[in-house]
Amino acid sequence: MSYDPAQSETRWQAAWDAADSFRALRDERPKYYVLEMFPYPSGRIHMGHVRNYTMGDVVARYKRAQGFSVLHPMGWDAFGMPAENAAMEQGGHPRDWTYANIATMRDQLKPLGLSIDWSREFATCDDDYVHQQQSMFLDFLESGLIYRKSAMVNWDPVDMTVLANEQVIDGKGWRSNAPVERRELTQWFFRISDYSGELLDALDGLDGWPEKVRLMQANWIGRSRGLQFAFETVNAPAGFDRIEVYTTRPDTLMGASFAALSPDHPLIKALAAERPDIADFCAECRRIGTTEEAIETAEKLGFDTGLTVRHPLDPTWELPIWIANFVLMDYGTGAIFGSPAHDERDHEFATKYGLPIRATFGPQGATLEQADALVADGPFVPLKSEPVTYVRGFAGAADQTGEVAVAAAIQHAEAAGYGEGVTKFRLRDWGISRQRYWGCPIPVVHCETCGTVPEAKENLPVLLPADVSFDIPGNPLDRHPTWRDTVCPKCGGAARRETDTMDTFVDLSWYYARFTAPHAATPTVAEDADYWMNVDQYIGGIEHAILHLLYSRFFARAMVKTGHLPEKSTEPFAALFTQGMVTHEIYLTRDDRGRAVYHLPEDVTDGKLADGRVVEIIPSAKMSKSKKNVVDPVNIVENFGADTARWFMLSDSPPERDIEWTASGAEAAHRFLARLYRQAETVAEGAEDPDLTRAVHRAIDEVTRAIEGFAFNKAVAKIYEIANTLGKSPAGGESRKWALRTIAQLMAPMVPHLAEDIWQLAGGQGLVVDARWPVADPAMLVDDSVTLPIQINGKRRAEISVPKRYAQGPRSRLLSSPTKPCSVSWMARPSRS
RNA sequence: GGGGGUGUGGCGGAAUGGUAGACGCGACGGAUUCAAAAUCCGUUUUCGCAAGAAGUGUCGGUUCGAGUCCGACCACCCCUACCA
């Protein structure tokens, strides 16, 4: 028999199924919950999935062998636009498309031999999941966590839907790539901004998260401390006596030269109604505001309204009110004061429109004249921590840092009563309304008499109607009278259903909790959540560092508040690991017009096509269909077996870094597995080889530490090493079999099928999947005799072999020599190799 | 503009402040074979026949000793961006 992955992988998967090995059970063992971000059922699994789920599987199997009761589930992120787009393009129903894809992908995933408890599988579009999510929505609504407001939204004219700020990239829709327009719509919002401070502060406690992700979230939440105060207007229309302004640099108040308002500011809107020139300017700003060139070139546009405001520190000092396209209505108050001397943007604006530029401070020791001269050509913007000299100060000392001056200015404003210190966050409330069909319906009705009324819980789930068509853009729910028209649960009168559905990020914000009790009649079950939560290790792509993870952290808090999760689940993910992408070279040739023509990897051999043409090679790019640099995992599994794909995914590159898939690497992985299989088959007579025994113990120690540290590439290297050692060892009989069995155990998390083969060939009892993780004997980790390198002035000059007991003690000595002193040192640890 | 990260052989990458280049790929040589594939045994940082010397982006510093710590610079990558 030779290594036959097709046959043996099927066999061992059947054996695990028969033994129900991976069912997650609540018992007396300590629990371990490992979760990989679940896939969107696009239709086929790709190499990124293989890498993600292999890593999770290594952790799951390793923890299982260590005696933990492991929860390792799988499900489907099944709502979303691609299903609807497919229905539009090819006909059919999004539900059918989605469930067919799930079936295909499940069939592709299962041969990988992942230790998943498939009994917990669900899709977010399952009626049951929709039901529980709607039920929680009603609880959140009742707790005041959800509200409805009219808001300017980002409207994607192609997908005909609202986008979250986060889904707008460079002014374009994240999916359609169409320039986003602004529209005013009544929308449902989650009050995530109420939790801004908490979500930010709690980042400090997430020790198991990458620093990078914590930073990205902190920047996204964006806390700033500043002064909010009001300008008194001079000749503004009635109702606009005061204009609220927010600034993080109140210390520059004496350098103010103008007030700038957003084109969307209420005062400007009021003026625009009267004045066509202002209306025209605002329309122009809106148009430019969403195109990509505007963001690139960022030209500052302003319009002088002719109105003025009084300076808060000097009522006789009037500042002009300008409309400025760079002032955003949804940050701060939509109004600022311009301080051109100390702000790049304000300086550009003031220069363009001939507004005064007055320095508030200059370099230490500067006079008023020097400071003013300095800022004439450009703004003076030192670090806030740098001491400067205030030449137009009004609070605190003349010589102080910006930080101190800001605090003093806030104190001054509060004492004098013209303003107060406030902390603001960049984080907006989370708008979840989507004008799409294929999502979780928002369980609310609009009644003519009672207004907006939550659907009664006994009427849940509100399921999507099946008879819909996608031949015209827009939301089919809007034009489905029998579904849309309903009765008010409060008064029984005629009412209309809410036709918006929820952002799919809502579905993703609690699936990890649902896995703890996936088929329960309530969203969660206290005992199950209490036992399984939190997720001990979460694994996924860095692209979810902000949105998904931040929303989930908010959602967990909302679930704690509404009693759906225990208090300890405020932070649901104890540890997070973000894995790198799978990349591949891109192969292309040029057509007669010089345009790129891409070629599939299987069509290229040694840099040439079958017809002999040489291809251009672009190194390491993310696998993408359009560039044709994709390798289908299904083919790899068919040709080499799942273990080869898994082994390659774990070798070479550290898990957090990108890995380049190469055909030669995959073949090498396969060769190694086959060689090891042959070694296990070979019956060798012989005695114990103490060197091998020691090497095996060392391997146990090193592989264990590598897996613990998420350094799977090092674990793989150590297994290569011990396999090479075994190949050269004269050991035979039981001692050799023990070595083989131990190697099988060490490999089992990575290549579980081959591990079972070897375990069996080497006389292991039962399944290796049920074997307890081996423990290294500390006494075997040190050699009796060690080779110590001798350094002279840090350079290796010699090595000596000494009995272990002499390899202790001082590490270096300073010696005198006839010419100059030199240091001789020796390492108190054994030589490598 | 702001924030973060990374620079080590031909390549992916190893190295608790203590022998730089583990392990793998590729390449080269040999064995086996009629031949090839597969397999097995070697060699493979550079210069040098050798002894030896140099060597972790560049320049400095700390240290008996620096890929690792500190400072400056260079290059590349990622994220983010009119945030008042």
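Chain naming here is simple, since letters A, B, ... match the order of the sequence lines and numbering starts at 1 in each. Because the structure is predicted, anything quoted here is derived from the model rather than measured.
Aromatic ring pairs are classed by plane angle as parallel below 30°, tilted from 30° to 60° and perpendicular above 60°; the pair A:Phe672 and A:Tyr720 is tilted. Under the 30°/60° scheme for interplanar angles, the aromatic rings of A:Phe361 and A:His342 are found to lie parallel.
Atom C1' of nucleotide B:C78 and atom NE2 of A:His544 are separated by 17 Å, given to the nearest angstrom. If you take CG of A:Leu215 and P of B:G5, they are 8 Å apart, rounded to a whole angstrom. Between the CG atom of A:Asp343 and the C1' atom of B:C83 there is a distance of 11 Å, rounded to whole Å. A:Phe672 has its CZ atom 11 Å from the P atom of B:C40, to the nearest Å. Rounding to whole angstrom units, NE2 of residue A:His584 and P of B:C11 are separated by 19 Å. Summarising the geometry, the separation between CG on A:Leu676 and C1' on B:C40 is reported as 16 Å, rounded to the nearest angstrom. Remark: P of B:C82 and NZ of A:Lys352 are 18 Å apart, rounded to the nearest angstrom. When rounded to the nearest whole Å, the span between CZ of A:Arg345 and P of B:G2 equals 15 Å.
Counted within 6.0 Å of CZ on A:Arg242, heavy atoms from surrounding residues, nucleotides or ligands total 12 or fewer; the atom is thus considered open.
The side chain of A:Asn713 lies closest to B:G13 when the candidates are B:G13, B:C79, B:C25. Picking from B:C83, B:A14, B:C40 the nucleotide with the shortest atom distance to the side chain of A:Arg678 gives B:C40. Set against B:A84, B:A81, B:C40, the side chain of A:Arg675 has B:C40 as its closest nucleotide. Among B:A84, B:A81, B:G13, the nucleotide with an atom closest to any side-chain atom of A:Arg657 is B:G13. Minimum atom distance to the side chain of A:Ala717 is reached by B:C23, of the listed B:C82, B:C40, B:C23. Picking from B:A84, B:A15, B:G12 the nucleotide with the shortest atom distance to the side chain of A:Asp652 gives B:G12. Relative to the side chain of A:Ser653, the nucleotides B:G4, B:A15, B:G12 differ in distance, and B:G12 lies closest. Closest to the side chain of A:Met216, out of B:C79, B:C83, B:G24, is B:C79. Between B:A22, B:U39, B:A84, one nucleotide has an atom nearer to the side chain of A:Glu721 than all others, and that is B:A22. Nearest to the side-chain atoms of A:Asn724 among the listed nucleotides B:G4, B:G24, B:A84 stands B:G24.
Atom name P, nucleotides B:U8 and B:A84: the rounded distance is 37 Å, in whole Å. To the nearest whole angstrom, the two C1' atoms, one in B:U68 and one in B:G7, are 14 Å apart. Separation of the P atoms belonging to B:G57 and B:A66 is 15 Å when rounded to the nearest angstrom. One P atom belongs to B:C78, the other to B:G65, and the distance between them is 40 Å to the nearest Å. Of the C1' atoms belonging to B:G55 and B:G21, the separation is 11 Å, rounded to the nearest Å. Distance check on atom P: B:U32 versus B:A37 gives 15 Å, rounded to whole Å. Nucleotides B:C77 and B:A22 have their C1' atoms positioned 27 Å apart, rounded to a whole Å. Of the P atoms belonging to B:U16 and B:G67, the separation is 13 Å, rounded to the nearest Å.
A:Ser193 places no side-chain N or O within donor-acceptor distance of the main-chain N or O of A:Arg428, the cut-off being under 3.5 Å. Panel note: side chain A:Asn325, backbone A:Leu301; a donor-acceptor pair is recorded below 3.5 Å. Remark: the backbone N or O of A:Thr725 is not paired with any side-chain donor or acceptor of A:Ser729 at under 3.5 angstrom. The backbone N or O of A:Ile357 lies less than 3.5 Å from no partner atom in the side chain of A:Ser257, so there is not a single donor-acceptor pair.
A salt bridge does not link A:Asp701 with A:Arg698: every distance from a Lys NZ or Arg NE/NH1/NH2 to an Asp or Glu carboxylate oxygen is 4.0 Å or more. Looking at A:Arg214 and A:Glu211, a side-chain N of the basic residue comes within less than 4.0 Å of a carboxylate O on the acidic one, giving a salt bridge.
A:Val327 comes within contact range of at least one nucleobase, with a heavy-atom separation under 4.0 Å. A:Thr247 comes within contact range of the sugar-phosphate backbone alone, with a heavy-atom separation under 4.0 Å but no base atom that close. Residue contacts for A:Leu328: at a heavy-atom cut-off of 4.0 Å it reaches a base atom on one of the strands shown. Among the protein residues, A:Lys714 comes within range of the sugar-phosphate backbone only, with heavy atoms under 4.0 Å from sugar or phosphate atoms but none that close to a base. Using a 4.0 Å heavy-atom distance criterion, A:Tyr720 is classed as a sugar-phosphate-only contact.
Comparing A:Lys728 and A:Asp346 along RNA chain B, the residue whose closest nucleotide (by nearest heavy atom) sits nearer the 5' end is A:Lys728. Comparing A:Arg671 and A:Asn219 by the nucleotide of RNA chain B whose heavy atom lies nearest to each, the residue mapping closer to the 5' end is A:Asn219.
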> Could you write out RNA chain B as a dot-bracket string, with dots for unpaired bases, | for bases paired across to another strand, and Watson-Crick or G-U pairs counted at under 3.5 Å?
Replying inline: (((((((..(((.....[....)))((((((.......))))))(((....)))..(((((..]....))))))))))))....

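Residues A:Tyr246 and A:Phe229 keep their aromatic ring centres 6.0 Å or farther apart.
Glycosidic conformation, B:G9: syn, with the torsion inside 90° of 0.
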